[in-house]
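Notes for the one structure printed next.
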Amino acid sequence: MAHDAIRDALAVVLRDMGVQSPEIQLERPRDPTHGDVATNVALSLARQLKRPPREIAEEIAKRLDPVAAGVEAIDVAGPGFLNFRLNPGAVASVVDQILGANESYGSGDVGHGRRVMVEFVSANPTGPLHLGHGRQAALGDAIAALLTWTGWAVHREYYYNDSGRQMELLAESVRARYRQALGKDVEMPAEGYQGEYVKDVADSLQGSVNDRYLDDDTSEALDSVRTHAVAMLRAEQDRDLNDFRVYFDEYFLESSLYDQGLVDDTIRALGDTGLVYELDGATWLRTTEFGDQKDRVMVRSNGHPTYFLPDIAYHMSKWGRGFERVINVQGADHHGTVDRVRAGLQALGRPPGYPEYVLHQMVRVEKDGEEVKFSKRAGSGMTLRELYEQVGVDVTRYFFQMRKPDAHLLFDLDVALDHSDKNPVYKVQYAHARMCSIFGKAEIDLEAIAAGQADLTLLTHDLERELVKQLGEFPATIERAAEHTSPHMLCDYLEQTAGAANSWYHAGNPSRNPELAVLVSDPAVRTARLALARAVQIVLRNGLTLLGIEAPRRMIREVPDDHEPEQ
RNA sequence: GCGCCCGUAGCUCAGAUGGAUAGAGCGCAUGCCUCCGGAGCAUGAGGUCACAGGUUCGAAUCCUGUCGGGCGCACCA
């Protein structure tokens with residue numbers, strides 16, 4: 001790589017100047033007139049060397065051997081930047097790398113096969129998945145994919161509770177609807193689940209047990225109702241996720257923590273830390289010892305544990321299963337639990353930052369500038385399925401991924417439903433399809449384009465150089481997005497790449513600039529440009545695939561399926 | 001009251017480890033292409049980076065405070 005040669009040459013020069021193990025940062029200047037690669041190393045050394053940065057830069061430029069660094073020209077600019085202009089071949093060689101690597105271009109191995117768990121969605125089976133779960137599903141899936149691409153062994157986990165108070169409330173709600181359907185005059189429980197789906201569950205229950213529980217108030221009967229409801233709603237969530245193209249390696253049940261004695265183990269282990277005390281009949285853990293805002297109750301005065309305890313037990317289970325790195329993707333409304341969970345785990349000797357959290361803010365849907373809120377079926381906000389059946393899975397996933405998690409997300413239905421470049425998803429997909437269509441026009445199978453066939457030094461136009469440099473940043477972009485657990489960085493990159501590809505393609509409009517067209521008459525130039533088109537196609541496809549979005553070879557002008565609006 | 005997140009162009013948002021005149025898309029203006037009241041292309045205008053201090057050769061970025069918005073502060077889960 002050209003970057004490595006520059007880095008090595010710089011290191012040699014700096015050592016001669018008396019700098020030991022300098023940190024050399026290379027970047028692509030935003031302004032192309034600043035060359036292909038730039039470094040601010042002279043600026044960052046100014047203090048250490050006690051010399052003006054500009055003077056340091058000039059000395060480096062004078063000492064550096066351009067041949068060894070593989071560069072055509074070195075300039076000192078501004079306050080002391082060093083700008084390198086690469087040999088044309090060095091710039092374009094990335095095209096052959098892309099063609100050679102193909103499906104694996106962009107992948108890396110900074111993870112070295114280490115294990116990491118990504119826990120996401122983790123909705124309790126009390127109803128259909130809503131938009132917050134959807135954002136979480138799209139984000140968690142993309143984060144898991146980014147980690148996989150950077151060499152981590154990823155485990156995707158879904159955690160849920162099938163007992164406890166919310167489940168009791170669900171069972172009581174279903175039972176009330178069931179009895180109402182059988183003509184009995186009963187009221188819904190206070191704070192019960194109001195959505196239409198509860199009636200569906202009640203209908204299904206009636207179909208399966210007829211009127212057996214009409215007057216049966218035993219806890220066994222309620223348990224059966226609950227079991228029926230949980231099974232049905234879990235199945236619905238699985239369908240929702242499956243159709244959203246999100247999959248899990250493991251579903252972890254909260255009740256298993258009790259069944260396997262892990263909650264008791266945790267109580268014992270915490271008791272041994274000396275941080276446990278009794279107050280007002282309850283058992284407390286001194287989590288303030290580890291930066292929590294207040295101490296937390298582990299066991300209530302009625303003898304029942306709070307949610308805190310199974311949470312700790314669950315994360316000890318994660319650690320015990322070999323996951324020393326865990327990323328929990330959750331809604332920001334859960335941020336209050338972060339400190340207490342970490343504090344509890346620190347009490348048991350786990351490291352301070354364990355586990356990591358990606359907390360995402362809320363989703364707001366707008367149409368014609370008005371907020372779209374209500375779903376009768378859910379009895380609250382719009383469901384995930386209602387959204388993606390309206391705008392498509394690709395668009396929904398992309399919109400959830402394209403903003404950084406800790407910012408609020410405005411989901412603009414007008415943009416989502418638009419089938420033009422105004423819609424970023426279509427813009428990227430169009431660019432991919434356009435590259436593919438070139439091969440159709442040339443009557444060449446795009447798979448037949450291989451590395452080493454083209455004279456890439458013929459890619460001399462500014463738009464070509466910029467596009468090639470853009471493609472070369474794909475691996476670093478993935479690495480950075482993975483490191484920051486931020487899929488939106490990849491979305492930004494793909495939009496920029498699509499824009500650069502579009503500019504290049506349109507500049508060669510045969511009716512205006514036939515000499516810039518991909519399919520020019522000169523066979524050598526044509527071969528080089530076809531190689532570039534193929535490289536663009538590979539990068540866009542790999543990026544979209546990573547995000548779980550289709551990379552179509554041609555765009556079919558489709559009207560979204562006219563689904564029955566859920567009324 | 002305390003804690004977490006956010007505040008960048010008319011709108012929606014990028015700006016990793018502090019670095020060169022703060023970027024993109026939409027919208028707007030002008031020009032071009034086109035069979036088209038559609039789609040596309042090119043160029044341009046548009047910013048006290050919420051505010052005030054501080055650190056630094058250099059701050060949208062780091063620190064402190066203020067203001068505004070969201071969320072959370074149970075012996076609920």
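A, B, ... follow the sequence lines: proteins, then strands. Residue 1 opens every chain.
Figure legend. B:rA50 is base-paired to B:rU66; pairs are counted as Watson-Crick or G-U wobble with both atom distances under 3.5 Å. Nucleotide B:rA60 is matched to nothing when pairs are restricted to Watson-Crick or G-U wobble geometry with both distances under 3.5 angstrom.
Residue A:N161 is classed as a sugar-phosphate contact, given heavy-atom separations below 4.0 Å to backbone atoms only. Here A:H488 lies in heavy-atom contact (under 4.0 Å) with sugar-phosphate atoms only. Across all strands, A:T306 comes closer than 4.0 Å only to sugar-phosphate atoms, never to a base (heavy-atom distances). Among the protein residues, A:N83 comes within range of the nucleic acid bases, having at least one heavy atom under 4.0 Å from a base atom. Counting non-hydrogen atoms under 4.0 angstrom, A:L309 reaches nothing in the nucleic acid.
Checking side-chain atoms of A:N124 against main-chain N and O of A:T126 turns up no donor-acceptor pair under 3.5 Å.
Geometrically, A:R529 does not engage A:W504 in a cation-pi contact defined by less than 6.0 Å to the ring centre and at most 45° from the axis.
Between B:rA77 and A:R300, a contact under 4.0 Å exists linking OP1 or OP2 to a side-chain N or O.
Taking only distance into account, the side chain of A:H335 meets the base of B:rG3 through a donor-acceptor pair shorter than 3.5 Å.
Projected onto RNA chain B by closest heavy-atom contact, A:P405 and A:E495 fall at different nucleotides, the more 5' of which corresponds to A:P405.
Defined by atom type and a distance below 3.5 Å, a donor-acceptor pair is missing between the side-chain atoms of A:Y357 and A:E119.
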